[in-house]
Protein chains: 2
Amino acid sequence: MSPNIEPIPFGACNCSTLRKASRHLSQLYDAALAPSGLKSTQAAIMMEVERRKDDPPTMHELAKALVLEQSTVGQNLRPLERDGLIALKQDAADRRRRHVTVTEAGRAKLAMVLPLWAGAQKRFEDFLGSKEAAELRATMLKVAYEFSPASEDDSG
Amino acid sequence: MSPNIEPIPFGACNCSTLRKASRHLSQLYDAALAPSGLKSTQAAIMMEVERRKDDPPTMHELAKALVLEQSTVGQNLRPLERDGLIALKQDAADRRRRHVTVTEAGRAKLAMVLPLWAGAQKRFEDFLGSKEAAELRATMLKVAYEFSPASEDDSG
DNA sequence: TATAAATAGAGGGATATCCATGTTTATGGA
DNA sequence: TCCATAAACATGGATATCCCTCTATTTATA
């Protein structure tokens with residue numbers, strides 16, 4: 001007898017559903033950015049770094065901001081550094097830290113990315129509606145930064 | 001002169017925001033499923049296959065359902081097949097096609113996954129609210145299956 | 001029937017992402 | 001000062017995911 005898996009509401013899995021949408025949207029944004037040579041994740045990293053250029057973040061800080069593991073940030077920065085789009089500078093006071101900055105070439109690349117990104121962004125909001133998109137982002141940010149079940153469910 | 005990237009509403013990027021939430025939620029579901037040895041993506045694949053056991057899907061059909069590229073499905077099935085959780089059977093009529101099924105071992109694994117998944121699902125809905133979660137899934141499905149900008153924006 | 005076009009998958013190569021572990025550097029206490 | 005601890009990052013190994021190209025097979029067409 002195989003365990004008879006009853007009709008399971010797995011179609012209602014919040015995680016799988018979110019991932020499906022994330023994959024699809026990423027494909028479309030990636031396609032839009034393709035002429036620039038950057039992928040959506042790379043653009044997101046560089047935009048975040050550029051935004052903070054007055055106080056260049058460490059890899060750890062970048063990881064927090066991007067909701068990525070520190071090791072993932074390290075991995076993701078590699079091709080960007082290899083291509084000369086970002087630079088890493090050791091902190092003078094704390095030699096463990098490395099601050100990330102966008103290079104001149106990186107800024108030029110971002111200038112190329114911007115209109116492509118804006119186009120994808122517009123097409124998405126034409127589809128979903130600007131108001132709905134804003135609400136969606138608010139929910140996503142809440143999920144990304146505020147959801148941590150451990151705090152309430154570690155008693156047993 | 002470096003191009004001076006003006007304050008860009010990139011913080012409002014729908015794609016990046018969705019990915020952040022997707023990463024975070026995936027980490028939490030993965031952590032919940034860890035005792036089973038399956039990751040959330042693997043569970044999603046197996047659940048979809050098991051759900052369709054009366055008419056086992058081909059890899060192409062599976063890709064459509066999961067919003068994945070065909071090549072990705074192939075990659076993702078590999079460890080599951082290696083571990084004996086799913087099986088691939090060539091179609092008798094069309095020898096190009098391969099139908100995917102869950103094995104006995106796979107069903108046993110799913111039985112182990114279910115309560116773990118249900119726990120993660122509950123914790124998320126306790127956080128966001130069941131109603132809000134349902135709305136979110138509806139939006140995600142709409143984005144995943146209905147958004148395709150090419151149809152309206154290929155005139156130039 | 002012979003062949004062109006389309007379809008299903010496989011394979012290679014790249015980035016994205018995690019976890020677990022190791023290394024270096026700082027920090028705090030005896 | 002010396003050592004234990006903690007923090008920041010690097011490394012290795014695995015899966016996830018895409019794109020592009022290739023092969024095998026089927027279907028449509030001349």
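Residue numbers begin at 1 in each chain, while the letters A, B, ... track the order of the sequences.
Along DNA chain D, the nucleotide nearest Lys39(B) and the nucleotide nearest Gln75(A) are compared for position; the residue whose nucleotide lies closer to the 5' end is Gln75(A). With DNA chain C read from its 5' end, the first of the two nearest nucleotides for Thr58(B) and Pro79(A) is the one closest to Thr58(B). Of the two residues near DNA chain D, Val67(B) and Ala93(B), the one whose nearest nucleotide lies more 5' is Val67(B).
Between Asp94(A) and Arg97(A) there is a salt bridge, since a side-chain N of the basic residue sits under 4.0 Å from a carboxylate O of the acidic one. We find that Glu50(B) and Lys53(B) are joined by a salt bridge, their nearest charged nitrogen and carboxylate oxygen being less than 4.0 Å apart. Arg107(B) and Glu104(B) are joined by a salt bridge, as a carboxylate oxygen and a charged side-chain nitrogen come within less than 4.0 angstrom of each other.
Tested against Leu85(B), the residues Ile45(B), Leu80(B), Leu77(B), Leu110(B) include a single side-chain contact (heavy atoms from CB on, under 4.5 Å) partner, Leu80(B).
As a whole-Å value, the separation of Lys64(A) NZ from dC9(D) P is 12 Å. Between Arg97(A) atom CZ and dA26(C) atom C1' there is a gap of 10 Å when expressed in whole angstrom units. Atom CD in Glu61(A) sits roughly 13 Å away from atom C1' in dC9(D) (whole-Å rounding). Rounded to a whole Å, the CZ atom of Arg78(B) is 15 Å from the P atom of dT17(D). Leu25(A) has its CG atom 15 Å from the P atom of dT17(D), to the nearest Å. As a whole-Å value, the separation of His60(B) NE2 from dT26(D) C1' is 14 Å. Rounded to whole angstrom, the span from the CD atom of Glu69(B) across to the C1' atom of dG12(C) amounts to 16 Å. Straight-line distance from the CE atom of Met59(B) to the C1' atom of dT7(C): 14 Å, rounded to whole Å.
Annotation: cation-pi geometry not satisfied between Lys122(B) and Phe127(B) (NZ/CZ under 6.0 angstrom from ring centroid, within 45° of ring axis).
Listed nucleotides dT15(C), dT17(C), dT17(D) differ in distance to Leu68(B); the shortest reach to its side chain belongs to dT17(D). Each of dT25(C), dA16(D), dG9(C) was ranked by its minimum atom distance to the side chain of Asp94(A); first place goes to dT25(C). When each of dC19(C), dG9(C), dT11(D) is scored by its nearest atom to the side-chain atoms of Gln27(B), the top-ranked nucleotide is dC19(C).
Nucleic acid contact for Thr72(A): base, since at least one base atom lies under 4.0 Å from a heavy atom of the residue. Ser26(B) comes within 4.0 angstrom of no nucleic acid atom, judged by non-hydrogen atoms across all strands. Using a 4.0 Å heavy-atom criterion, one finds that Asn76(A) contacts the bases of the nucleic acid, with or without backbone contacts as well.
Applying the 3.5 Å distance criterion, the base of dT17(C) shares no donor-acceptor pair with the side chain of Arg23(B). At a cut-off of 3.5 angstrom, the base of dC19(C) holds at least one donor-acceptor pair with the side chain of Ser71(A). Judged by distance alone, with hydrogens and angles left aside, Arg96(A) brings a side-chain donor or acceptor within reach of the base of dA7(D), the pair sitting under 3.5 Å.
Between the side chains of Glu125(A) and Asn14(B), at least one donor N or O sits under 3.5 Å from an acceptor N or O. Side chains of Tyr145(B) and Lys20(A): a donor-acceptor N/O pair is present below 3.5 angstrom, by distance only.
Arg95(A) has a side-chain polar atom (N or O) that falls below the 4.0 Å cut-off from OP1 or OP2 of dA26(C). Proximity of Arg19(A) to the phosphate of dT17(D): a side-chain N or O atom is located under 4.0 Å from OP1 or OP2.
Contact between Val143(B) and His24(A) at its shortest, heavy atoms only, is O-CD2, 3.0 Å.
Within residues 80-91 of chain A, the residues that have a heavy atom under 4.0 Å from DNA chain C are, in order of number, Arg82(A).
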